[in-house]
Amino acid sequence: MASRVTKPQREKLAQVVGVTGASTRTALECLTATGWSLEAAVDYYYSSGAYPAALGGRGPKTDKAAISELFARYRDEGEEDLILAEGVSTLCEDLEVSPEDPVMLVLSYHLQAATMCEFSREEFEGGLARLGCDSLSKLRAALPGLRAQLDDASRFPEIYKYAYLFSREKGQKCVQQDVAIAMWQLLLPAHRWRYTQDWCDFLQAKHNRAISRDTWNQLLDFILSVSPDFSDYDDAGAWPYLIDEFVEHMREKQQQQ
């Protein structure tokens, strides 16, 4: 089957093999399943269970020493087992992405990072091993697949819920409103939810307090289940009061237009 692929397809096949460490056969199956989209194929490989099946459940093969060297490159001089904000910034420079790029949130999700702008040795090395990335070039090549997960209907809610925990200050149960707003603007651009800016403006005008985990999580349920004109919104439903007030605010605004 591989002998019938075109030259551009062979190049994509080699890239998927290089990024994931999959066999040629498995890489070919992933590319075929995703219409030969490189980004989607890498995402499919990691999200569909293809790599545990391909490797007997052991996960992708990586050079642990090489991953440790990467950690050492970014770790804080005063901390043996931590990469702090300066190291994260350097990592972003090496990956040629902005620290504000949402793909860094997806990467943090896969590293299971507990705190924003910080990676422990266990998080960094364990996460890169799970991703099959033991070099900067492999991690850079994996970014399109990670970014594609933001548009994956099954993966995005997991990333969204993780973002709340990731955004909390150490020792705090809730996320400060300004941090929550910045995260909503990162995760919910206009093509995902047309009312993101309206929601943020509403909070700044009417709320100005920390955002609870319940409000954060239920907002996504609201976005996914309620029509844009709010006609099917159940006023008697068990929505957080902030969402109730936002719907009332938007209905009044729409009537005035």
Side-chain angles (χ1 to χ4, degrees), residues 71 74-76 78-92 95 97-128 130-131 143 146-147 149-189 192-193 195-225 238-246:
F71 179 84
Y74 302 112
R75 74 172 179 84
D76 188 77
E79 298 283 352
E80 182 67 24
D81 295 315
L82 279 179
I83 296 173
L84 299 179
E86 185 175 349
V88 174
S89 179
T90 302
L91 173 62
C92 290
L95 293 175
V97 298
S98 165
E100 289 77 33
D101 191 314
V103 77
M104 291 303 297
L105 175 64
V106 184
L107 176 61
S108 297
Y109 160 80
H110 282 280
L111 269 53
Q112 299 176 5
T115 305
M116 191 180 295
C117 297
E118 181 179 306
F119 298 127
S120 70
R121 180 184 294 274
E122 181 180 359
E123 291 167 348
F124 187 85
E125 295 186 0
L128 290 194
R130 287 189 298 273
L131 288 172
L143 293 182
L146 296 178
R147 192 187 304 280
Q149 293 180 8
L150 291 166
D151 293 314
D152 184 286
S154 61
R155 185 58 64 86
F156 178 74
E158 296 178 11
I159 296 169
Y160 177 87
K161 290 177 180 178
Y162 161 79
Y164 184 86
L165 304 177
F166 178 70
S167 299
R168 292 185 303 187
E169 295 181 6
K170 289 183 179 180
Q172 299 296 312
K173 291 185 177 181
C174 295
V175 174
Q176 295 303 306
Q177 179 170 288
D178 59 336
V179 177
I181 285 176
M183 194 61 71
W184 273 317
Q185 291 173 331
L186 186 74
L187 286 167
L188 299 173
R192 289 202 185 99
W193 190 38
Y195 297 123
T196 297
Q197 193 57 53
D198 291 293
W199 168 251
C200 294
D201 290 345
F202 166 78
L203 291 176
Q204 290 174 322
K206 304 290 186 179
H207 188 59
N208 285 321
R209 291 192 297 278
I211 302 299
S212 71
R213 187 176 181 180
D214 182 56
T215 296
W216 176 275
N217 288 342
Q218 289 213 46
L219 180 67
L220 184 61
D221 294 336
F222 168 78
I223 292 169
L224 296 175
S225 63
W239 296 105
Y241 80 93
L242 268 179
I243 294 180
D244 284 333
E245 292 184 355
F246 175 68

Could you walk me through whether Glu122 and Ser120 pass the side-chain hydrogen bond (donor to acceptor under 3.5 Å, both in side chains) test, one step at a time? CA-CA 5 Å; Glu122 181 180 359; Ser120 70; 5.3 Å; no

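- From Gln177, atom CD reaches atom SG of Cys200 across 8.5 Å, with rounding to the nearest 0.5 Å.
- Ile211 and Cys174 get closest at one heavy-atom pair: O-CB, 3.5 Å.
- Side-chain atoms of Leu219 and Thr215, non-hydrogen and from C-beta on, never get closer than 4.5 Å to each other.
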So Met183 and Val175, side-chain contact (heavy atoms from CB on, under 4.5 Å) or not? Walk me through it. CA-CA 10 Å; Met183 194 61 71; Val175 174; over 6 Å; no

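- Nearest heavy-atom pair across Phe156 and Leu150 is CD1-O, 3.3 Å.
- Between the Ser89 side chain and the Ala85 main chain, no donor and acceptor come within less than 3.5 Å of each other.
- What you find for Ala113 and Tyr162 is that their closest heavy atoms are O-OH, 2.7 Å.
- With contacts defined as side-chain heavy-atom distances shorter than 4.5 Å, the pair Val106/Arg147 does not qualify.
- Note that CE of Met116 and CZ of Arg168 are 11.5 Å apart. Values are rounded to the nearest 0.5 Å.
- Residues Ile223 and Leu188 meet the side-chain proximity criterion, which asks for heavy atoms closer than 4.5 Å.
- Ring geometry, Phe246 versus Trp199: the interplanar angle exceeds 60°, so the pair is classed perpendicular (tilted spans 30 to 60°).
- Within the model, atoms CG of Leu187 and CG of Leu220 stand 9.5 Å from one another, a figure rounded to the nearest 0.5 Å.
- Taking the six-membered ring where tryptophan is involved, the planes of Tyr195 and Trp193 are perpendicular, since the angle between them exceeds 60° and thus also 30°.
- Here Tyr164 pairs with nothing under the side-chain hydrogen bond (donor to acceptor under 3.5 Å, both in side chains) rule; sequence neighbours left out.
- Counting only heavy atoms from C-beta outward, the side chains of Gln176 and Asp178 approach each other to under 4.5 Å.
- For the pair Leu146/Leu131, a side-chain contact is recorded, criterion being any heavy-atom separation below 4.5 Å from C-beta on.
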side-chain hydrogen bond (donor to acceptor under 3.5 Å, both in side chains) between Gln197 and Asp201: does it pass, once the steps are laid out? CA-CA 6 Å; Gln197 193 57 53; Asp201 290 345; 2.9 Å; yes

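- The closest donor-acceptor contact from the side chain of Asp101 to the backbone of Val97 lies at 3.5 Å or more, if one exists at all.
- Not counting sequence neighbours, the partners of Thr115 by the side chain to side chain contact (heavy atoms under 4.5 Å, CB included) test are Glu118, Lys170.
- Gln149 places no side-chain N or O within 3.5 Å of a backbone atom of Arg155 that could act as its donor or acceptor partner.
- The shortest non-hydrogen separation linking Asn217 to Tyr160 is CA-CE2, 4.2 Å.
- Within 6.0 Å of atom CD in Glu86, 12 or fewer heavy atoms from other residues, nucleotides or ligands are found, so the atom counts as exposed in its surroundings.
- When every heavy atom of Glu123 is checked against every heavy atom of Ala114, the shortest pair comes out as OE2-N, 3.0 Å.
- The two atoms that bring Phe119 and Leu91 nearest to each other are CE1-CD2, 4.2 Å, heavy atoms only.
- Going from atom CD of Glu158 over to atom CG of Asp152 covers 9.0 Å, rounded to the nearest 0.5 Å.
- For the pair Arg192 and Asp151, the minimum side-chain heavy-atom distance is below 4.5 Å.
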One pair to check against ring pair (Phe, Tyr, Trp, His ring centres under 6.0 Å): Trp216 and Trp184. What are the steps and the verdict? CA-CA 9 Å; Trp216 176 275; Trp184 273 317; 4.8 Å; yes

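- Interatomic distance, Leu242 CG to Phe222 CZ, rounded to the nearest 0.5 Å: 11.5 Å.
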Using side-chain contact (heavy atoms from CB on, under 4.5 Å), reason through Leu203 and Asn208 one step at a time and then give a plain yes or no. CA-CA 6 Å; Leu203 291 176; Asn208 285 321; over 6 Å; no

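- Between atom CD1 of residue Ile83 and atom CG of residue Asp76 there is a gap of 10.0 Å, rounded to the nearest 0.5 Å.
- Note that Arg75 lies outside the cation-pi zone of Phe124, set by a 6.0 Å cut-off to the ring centre and a 45° limit from the axis.
- Counting heavy atoms from C-beta outward, His207 and Glu245 have side chains that stay 4.5 Å or more apart.
- Judged as a salt bridge (Lys or Arg N to Asp or Glu O under 4.0 Å), and not counting sequence neighbours, the contacts of Arg121 are Glu80, Asp81, Glu125.
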